[in-house]
Structure formats: structure tokens, C-alpha cells
Amino acid sequence: MTTTATRSDPGRSRAAIAAKTLRTDRWWFPPLITFVGLSAWVIYATVRVFMHKWYFIEEHHYLTPFYSPCLTDRCVEGSALFGTPLPSFWLLPEAALTLPFLLLFRLTCYYYRKAYYRAFWLSPPACAVPDAHEKYTGETRFPLIFQNLHRYAFYAAGIISVINTWDAIIAFRSGDEFGFGLGNVILVGNVVMLWAYTLSCHSCRHIAGGRLKHFSKHPVRYRFWTFVSKLNARHMLLAWITLGTLALTDFYIMALAAGWWPDLRFIN
């Protein structure tokens, strides 16, 4: 007996599905939330990167990660720790040498691939739901072949995380004295989450122990691999958390620089 959802096909060993999907749950909801969330973050980050203002608090040395390291000759005094080798062209972000690598690291991340393949490309939008494209060639052709650069983008992301860590450390200097405020809490929290996300990367896990044949002969690497593996299980969660901490850090520093409210200081 056949139903309205299936039809017999003597050339197949199993029934062909006539309906687009037999799923009755709200399978479209997760891709929709992902689409809205990622779109909102990309719009916010793009606007902020090209505002070219409200990114540095000289008194406490708060520098938003969206502008770190600041490298154009438009950088305000005290914000450019590595000099200003780039011109102040308005289409050139202050952190023009690092933002492309961070973007590459996120775009090629295994979780983000799943996220935008489903939410933006609908390839496929969900399990047991047809692909929106006629054919699938995998990551073997342009532009998806560049997904293989993820392991190299990981190294760049690690270097950038070191720079963000240094920004968080020197922010404890208020003038010539030690200082501590809410901005420090936010900067440090963001750096911790960024390191957790970076280290939870699949490439990091492979580097830690992917080629080892005998863990017993490499106890240090085994322990690090075990630590990274635990983080890797939370890679999706950390991917979203870091989007939130990045936006929060940038917004808080923007608010301080714009004079919307003062920093809550605990010491100095």
C-alpha cells in the first residue's frame, strides 16, 4: 500500500519520497534563529569597524578588539602600540591587518560552516530536508575550496588572541598607577572566552594529538589534547558566546568613549 507521501518505484530498492520532507517539527526555526543572529552581528560589526571613532579610552587604555591593533595614521594617541604604517583611507579599518584573518578563521570554522550552510545557503537547511541547490560539489571548488585554509587561519587567530590578551593586561594601568574597573572585567572576560573558542578549534585538537600513535609516550601533549577535547565538545556554544562578548566589549568601550556613561571604577 502506498500513501500520499510515497510512491512505488520498481527501479529502487526503497520507496521514493514525493513530499519535500516528512518532518512535522519546526525544523526551520534553528536555521532562522541562526540567520537572524549572525546577520545582526555582522551588521553591527561592519558599522562599528567603519565608524572610525569611539574605540579607545586613553585614561584606562581600553581598546575595543574591533580596532586592535590600531594601525592607521587615524588612530588616536595612545591606541597604536605597533605604530601606524597604514594610511587613513575610510575603507581601510584601523585593524586592517588582523580583521581579514579573524574573518577567515570564523568563516572556515567547522561550526560556522554548518551554521551558514544551513541558514544562508540552505545546503541543506536541516536534516531530512532537501538541499536548495540542484547539485552538491562539496568543498572542492571555488570559493569553498578555501575552507581548507582553516588550519592556517588558526595560527593567525592565536597570534591575535595574544595581542588581545596584552590589551587586557595593560588596561589595568590607570595613568601611572594600577587601576581596576568594570571595563577591565569585560576585557578580561572577553579574552578568556576568545582563548576558549580558539583552543576548542578542531585544528587545535588535531595539532595537539592528531598524529600521535602512542599517547603514553607524550604525556604532556596527551593532557593538552584531553583539555582541548573537552573544550571542543563546547565549540558551538563558545562560538556564540564569543560573538556576544566581542559585541559587549565593543559596545561598552564605545559608550565610554562617546560619553554616554562613565566607567564603574573599583580601584583608581
Side-chain angles (χ1 to χ4, degrees), residues 25-42 44-45 64-66 68 98-99 101-121 123-127 139 147-165 167-169 184-212 215 218-252:
D25 62 323
R26 295 191 299 173
W27 59 264
W28 49 266
F29 190 68
L32 176 63
I33 293 298
T34 300
F35 176 83
V36 172
L38 289 181
S39 297
W41 193 90
V42 168
Y44 172 82
T64 170
F66 286 174
S68 177
T98 55
L99 288 178
F101 292 102
L102 287 177
L103 180 61
L104 180 64
F105 181 61
R106 295 266 175 174
L107 283 177
T108 59
C109 164
Y110 284 100
Y111 166 69
Y112 283 115
R113 293 188 208 182
K114 169 189 171 182
Y116 63 74
Y117 282 178
R118 290 189 172 188
F120 290 85
W121 291 357
S123 182
C127 293
E139 298 175 343
Q147 303 284 28
N148 296 310
L149 295 176
H150 182 60
R151 71 192 71 178
Y152 305 109
F154 164 75
Y155 297 120
I159 295 174
I160 298 170
S161 293
V162 171
I163 296 175
N164 292 150
T165 302
D167 289 334
I169 292 174
N184 296 101
V185 176
I186 294 175
L187 280 168
V188 171
N190 177 61
V191 164
V192 170
M193 289 296 101
L194 286 178
W195 272 116
Y197 168 67
T198 303
L199 293 178
S200 70
C201 168
H202 295 73
S203 293
C204 180
R205 185 171 182 264
H206 178 74
I207 292 170
R211 292 182 176 272
L212 294 181
F215 277 126
H218 304 274
V220 176
R221 289 184 62 183
Y222 173 68
R223 290 181 181 179
F224 181 63
W225 177 84
T226 302
F227 171 73
V228 170
S229 296
K230 292 179 180 179
L231 287 177
N232 181 255
R234 296 169 175 80
H235 195 51
M236 180 181 74
L237 177 62
L238 291 169
W240 280 103
I241 288 177
T242 51
L243 291 185
T245 59
L246 282 167
L248 173 62
T249 304
D250 177 79
F251 183 81
Y252 185 78

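For this chain, numbers begin at 1 and follow the sequence in order. Just so it is clear, the values below take in all heavy atoms, side chains as well, and ignore hydrogens, waters and symmetry mates. Bear in mind that the values here come from a model prediction, so they are computed numbers and not experimental data.
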Going from [atom1] on [X] to [atom2] on [Y], what distance comes out if it is rounded to the nearest 0.5 angstrom?
X	Y	atom1	atom2	value
L104	C109	CG	SG	11.5 Å
R205	S229	CZ	OG	3.5 Å
T165	L187	OG1	CG	11.0 Å
W225	I207	CH2	CD1	15.0 Å
I160	S68	CD1	OG	9.0 Å
Y155	T198	OH	OG1	13.5 Å

What side-chain donor-acceptor pairs closer than 3.5 Å can you find for residues 236-249, not counting sequence neighbours?
unit_1 : atom_1 : unit_2 : atom_2 : d
W240   : NE1    : Y111   : OH     : 2.6
T242   : OG1    : R106   : NH1    : 3.0
T242   : OG1    : R106   : NH2    : 3.1
T242   : OG1    : L238   : O      : 2.9
T242   : OG1    : A239   : O      : 3.0
T245   : OG1    : N190   : OD1    : 2.9
T245   : OG1    : I241   : O      : 3.4
T245   : OG1    : T242   : O      : 3.1
T249   : OG1    : T245   : O      : 2.7

Practice task
Check A119 against P31 and note the closest heavy-atom contact, atom names and distance.
Solution key: CB-O, 3.3 Å
Problem - Smallest separation among heavy atoms of Q147 and R113, with atom names - result: O-NH2, 2.9 Å
Exercise for the section: Identify, with sequence neighbours excluded, every residue that meets ring pair (Phe, Tyr, Trp, His ring centres under 6.0 Å) alongside Y116. Expected result: W121
Practice task
Over 60° means perpendicular and under 30° means parallel, so classify the ring planes of Y197 and H235, tilted if in between.
Solution key: parallel
Problem - Six-ring centre of F224, R221 cation under 6.0 angstrom, axis tolerance 45° - result: no
